[in-house]
Amino acid sequence: MTKTEFVSSDSIRAAFSAAMSAMYRNEVPAYGTLMSLVAKVNEEVLAENPGMRQRLAETDTLDRISEERHGAIRLGTAQELSTIRRVFAVMGMHPVSYYDLSTAGVPVHSTAFRPVGDAALKLNPFRIFTSLLRLDLVRDEQLRADAAEVLSKRKIFTDGALELLDKAEEQGGLDRDDASRFVEEVLQTFRWHDKAIVSAEMYRRLHDAHRLVADVVSFRGPHINHLTPRTLDIDEVQRRMPGEGISPKAIVEGPPTRQCPILLRQTSFKALEEAVAFEDGKGGWRSGSHTARFGEIEQRGVALTPKGRALYDRLLNETRERCRPAADGSNAAEYEAALADVFKAFPDDWNAIRKAGLGYFSYSFTPAGEKADRTGMDLETAIANGLVQFDPITYEDFLPVSAAGIFQSNLGDDATQEFVASPNQRMFERDLGASVLDEFAHYAAIMQASIDRCLGDGRLAAAAE
């Protein structure tokens, strides 16, 4: 009997990422325009910085940048969340970190499903930022009950997707034909539907509580609400978007422009107002509209240690105390000036960041270091002598304040219920059916493994702290 040859989870993820991108480009043409703009800017940056191109090629990250995407979905029930966890597991994507967006007035908590191994990330670093609606934060008790009833009746996965999911788990993988079918069946969960599953009156009630509540509850499934390419110069993309007929949000979320990028910077074009039909209660349909889907761009920097993240959070809070960005962008210049001024306290030099223990780096021998006699030499001496080099470890995750800022700017600035910060990781992990990976421990392990490789032949005396 011939042994079944399974398709790798990395290959399934790459196929799904490509299919998702093609679908979204068809559904939201402005996304295609954005992709072309990002590709052009990235190529210009690399042409002007041959050293950057060479180092990205040497670290196997040059090819992945053009393929890099993340998307976002919003789910309504614990069952939907636990099932999507199983679906993404088939694609080699695992839940990393817990995000409480109620801290920024959005009634969801979230995780990011993504690959975690170095080889898997280099092959295809596709991520899905996945949020679960917090109906417990909605004050209106009757609205909570009505929304829960609507959500309990919907089915966001096709029968084919569920059958193939069970098959993948039972036999430990999928063959080529089943993997192809799996991608197509799961893709249906993320498609846009222009017919709501609630009446116009119910939609209004949900919308008045919070636009995101209406977006989650009112439709057959969790349509992908954005896809995000990675750029090497987010400020330039932001500057050029209007010339491409795309209206950007007022400010870039995250840290300011820097020589040494940290964490994550994000911007987006404003959400589309799309035609939607609502049930009229008489067997017919009533015309309306809904605003939710948009395009986003990101620029990624070095992952920060707990010490670095604490400094980042403190400086961001200080900036917002000095100038909180207005939803309409009226004080964008003032906010950006305050951000740049306050963040002067964060070192903007790779070695200074490293020595201060603010960021995670991957260590490796230089060509000279491979040949040199390093007997008795410690790591810092080897670095000073040009025998060991260090590269920033890319931040693969997200920032809750930035995510909420993107959500809010694309959901409108109408008055809605204010939500008090209410983190509940235990409840989220219970609904997820698994624990989330701690991002700091993960990055620390990657850095330590690189140090161990340098120490492996016994010719370096000590590891970096």
Side-chain angles (χ1 to χ4, degrees), residues 42 45-65 68 115-123 125 230 232-233 255 258-264 299-312 344-397 438-465:
N42 285 354
V45 171
L46 292 171
E48 294 171 3
N49 297 273
M52 178 189 291
R53 182 190 293 274
Q54 180 180 352
R55 197 67 198 125
L56 288 172
E58 289 172 352
T59 54
D60 295 328
T61 54
L62 182 59
D63 290 340
R64 69 169 265 190
I65 288 174
E68 191 149 0
V116 295
D118 187 52
L121 281 163
K122 287 175 180 175
L123 179 65
R230 178 180 170 187
L232 297 172
D233 188 344
R258 294 168 48 87
Q259 292 297 315
C260 300
I262 60 174
L263 294 175
L264 176 67
Q299 181 172 356
R300 292 186 172 272
V302 66
L304 298 185
T305 63
K307 180 181 177 181
R309 185 60 179 272
L311 177 58
Y312 169 82
K344 289 176 182 176
F346 200 111
D348 198 9
D349 172 83
W350 289 130
N351 204 32
I353 292 171
R354 185 186 70 83
K355 285 189 170 183
L358 300 174
Y360 293 107
F361 293 85
S362 178
Y363 295 85
S364 60
F365 288 119
T366 63
E370 292 284 359
K371 303 172 184 176
D373 180 5
R374 306 181 299 271
T375 304
M377 192 180 295
D378 64 24
L379 189 62
E380 289 303 317
T381 303
I383 291 170
N385 290 341
L387 306 182
V388 168
Q389 60 198 348
F390 53 91
D391 291 287
I393 296 174
T394 300
Y395 185 63
E396 307 287 355
D397 298 290
D438 178 83
E439 65 179 61
F440 293 113
H442 180 58
Y443 292 121
I446 294 172
M447 183 170 74
Q448 188 59 50
S450 74
I451 293 171
D452 290 344
R453 284 193 295 272
C454 290
L455 297 172
D457 63 6
R459 288 190 291 161
L460 281 181
E465 292 298 326

Taken in chain and number order and not counting sequence neighbours, the residues that satisfy side-chain hydrogen bond (donor to acceptor under 3.5 Å, both in side chains) with E439 are S97, Y395
Separation between CZ of R309 and CD1 of I262, rounded to the nearest 0.5 Å:
10.0 Å
In terms of heavy-atom contacts, P115 and P125 come closest through CG-CA, 4.0 Å
Between CG on residue L379 and CG on residue L455, distance to nearest 0.5 Å
6.5 Å
Got a donor-acceptor contact below 3.5 angstrom from the N42 side chain to the R230 backbone?
yes
Taking all atoms of both residues into account, what is the closest heavy-atom pair of A372 and L387, and its distance?
CB-CD2, 3.9 Å
Ignoring hydrogens, what is the shortest heavy-atom contact between G386 and A368? Give both atom names and the distance.
O-CB, 4.5 Å
For T305 and F440 the tightest heavy-atom approach is C-CE2, 3.8 Å
Restricting to side-chain hydrogen bond (donor to acceptor under 3.5 Å, both in side chains), what partner residues turn up for D118, sequence neighbours left out?
K122
Kindly compute the distance separating OG1 (T394) from CG (L264), expressed to the nearest 0.5 Å.
11.0 Å
Hits for side-chain hydrogen bond (donor to acceptor under 3.5 Å, both in side chains) against Y443, two or more places apart or cross-chain, chain-then-number order -> D397
Set of residues satisfying side-chain hydrogen bond (donor to acceptor under 3.5 Å, both in side chains) with respect to T366, sequence neighbours excluded
none
For I353 against C260, the heavy-atom pair lying closest together
CD1-CB, 4.2 Å
Could I get the full list of salt bridge (Lys or Arg N to Asp or Glu O under 4.0 Å) partners for D348, not counting sequence neighbours?
R258
For A47 and P50, the nearest pair of non-hydrogen atoms, with its separation, is O-CD, 4.0 Å
To the closest 0.5 Å, what do you measure between CZ (F346) and CG (L263)?
7.0 Å
With Y363 as partner, the option from Q389, R354, R453 fulfilling side chain to side chain donor-acceptor pair (under 3.5 Å) is R354
Give the C-alpha distance, both sets of side-chain angles, the deciding distance and a yes or no for side-chain contact (heavy atoms from CB on, under 4.5 Å) between Y312 and L358.
CA-CA 10 Å; Y312 169 82; L358 300 174; over 6 Å; no
How would you list, by chain and number, every residue that makes a salt bridge (Lys or Arg N to Asp or Glu O under 4.0 Å) with D349, sequence neighbours excluded?
none
Mutual orientation of the aromatic rings belonging to F361 and F390 [parallel < 30°, tilted 30-60°, perpendicular > 60°]:
perpendicular
Do the non-hydrogen side-chain atoms of L311 and K307 ever get within less than 4.5 Å of each other?
no
Using the rule given for side-chain contact (heavy atoms from CB on, under 4.5 Å), can you reason through E396 versus V116, listing the C-alpha separation, both sets of side-chain angles and the distance that settles it, and then say yes or no?
CA-CA 9 Å; E396 307 287 355; V116 295; over 6 Å; no
Let me confirm one number: the CD-CG distance from E380 to N385, rounded to the nearest 0.5 Å.
11.0 Å
Would a 4.5 Å heavy-atom cut-off, applied to side chains only, mark I446 and Y360 as touching?
no
